[in-house]
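In this chain, residues are counted from 1 in sequence order. The structure displayed is predicted, hence computed values, not measured ones.
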Amino acid sequence: MPKQSIPRVAVVTGASSGIGKAAAIQLVAQGWHVIGQGRNPERSAAAAAEIQAVANNGKLDMIRGDLSLLADTARMANEIAALTDNIHLL
């Protein structure tokens, strides 16, 4: 029986636009499980749709929150912990 590989997991902040979105697109297209973060709900939803379109064998989970707010940061950390046991790239 072939050994099943564990997907590589990347947490990408700012995944709703710019360099963060570009990084998330490249990683998910290469089969990574990407946990993206964005602040703006509309921009995050639009970016998630764009990233999902190139997912190939990758996976995307998009979480919303403002990293400048400690309460949001703690909540997002809990959400990430619920999604994965390992982070290979931050």
Side-chain angles (χ1 to χ4, degrees):
M1 177 176 258
K3 184 177 177 181
Q4 187 175 17
S5 65
I6 297 172
R8 296 171 292 177
V9 178
V11 175
V12 179
T13 60
S16 62
S17 66
I19 294 171
K21 183 170 80 171
I25 287 170
Q26 291 299 312
L27 291 166
V28 82
Q30 294 176 34
W32 285 65
H33 173 191
V34 174
I35 302 170
Q37 174 273 336
R39 287 183 303 192
N40 180 286
E42 293 81 19
R43 210 166 52 195
S44 293
E50 189 176 339
I51 296 165
Q52 289 280 42
V54 298
N56 197 12
N57 290 326
K59 176 182 175 186
L60 172 71
D61 287 299
M62 185 70 90
I63 58 176
R64 282 192 315 110
D66 187 339
L67 291 171
S68 71
L69 302 174
L70 188 55
D72 269 11
T73 303
R75 178 187 48 77
M76 287 186 294
N78 289 332
E79 287 183 37
I80 292 166
L83 292 169
T84 186
D85 291 331
N86 296 300
I87 296 173
H88 301 93
L89 178 67
L90 175 63

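For the side chain to side chain contact (heavy atoms under 4.5 Å, CB included) test with Ile35, the passing option among Val11, Leu90, Leu60 is Val11; the others fail.
Listed here is the closest heavy atom pair of Ser16 and Gly38: OG-CA, 4.0 Å. Considering all non-hydrogen atoms of both residues, Ala15 and Ala24 come closest at CB-CB, 4.3 Å. When every heavy atom of Asp66 is checked against every heavy atom of Thr73, the shortest pair comes out as O-OG1, 4.0 Å. Contact record, Ala47 with Lys21: CB-CD, 3.8 Å, taken as the closest heavy-atom pair.
Checking side-chain atoms of His88 against main-chain N and O of Val9 turns up a donor-acceptor pair under 3.5 Å. Listed for the Asn56 side chain is no donor-acceptor partner under 3.5 Å among the backbone atoms of Gly58.
Using a 4.5 Å cut-off on side-chain heavy atoms (C-beta onward), Pro7 and Lys59 make no contact. Put simply, the side chain of His33 reaches to within 4.5 Å of the side chain of Asp61, judged on heavy atoms. Between Arg39 and Asp72, every side-chain heavy-atom pair lies at or beyond the 4.5 Å cut-off.
Atoms CE and CZ, on Met62 and Arg43 in that order, are 10.5 Å from each other to the nearest 0.5 Å. Of the inter-residue distances, the one linking Ile80 atom CD1 with Arg75 atom CZ reads 10.0 Å to the nearest 0.5 angstrom. Here CG of Asn78 is found 11.0 Å from CG of Leu83. Values are rounded to the nearest 0.5 Å.
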Step by step, would you call Leu89 with Arg8 a side chain to side chain contact (heavy atoms under 4.5 Å, CB included)? CA-CA 8 Å; Leu89 178 67; Arg8 296 171 292 177; over 6 Å; no

For Leu27 and Val12, run side chain to side chain contact (heavy atoms under 4.5 Å, CB included): C-alpha distance rounded to whole Å, both residues' side-chain angles, the deciding distance at 0.1 Å, then the answer. CA-CA 10 Å; Leu27 291 166; Val12 179; 4.0 Å; yes

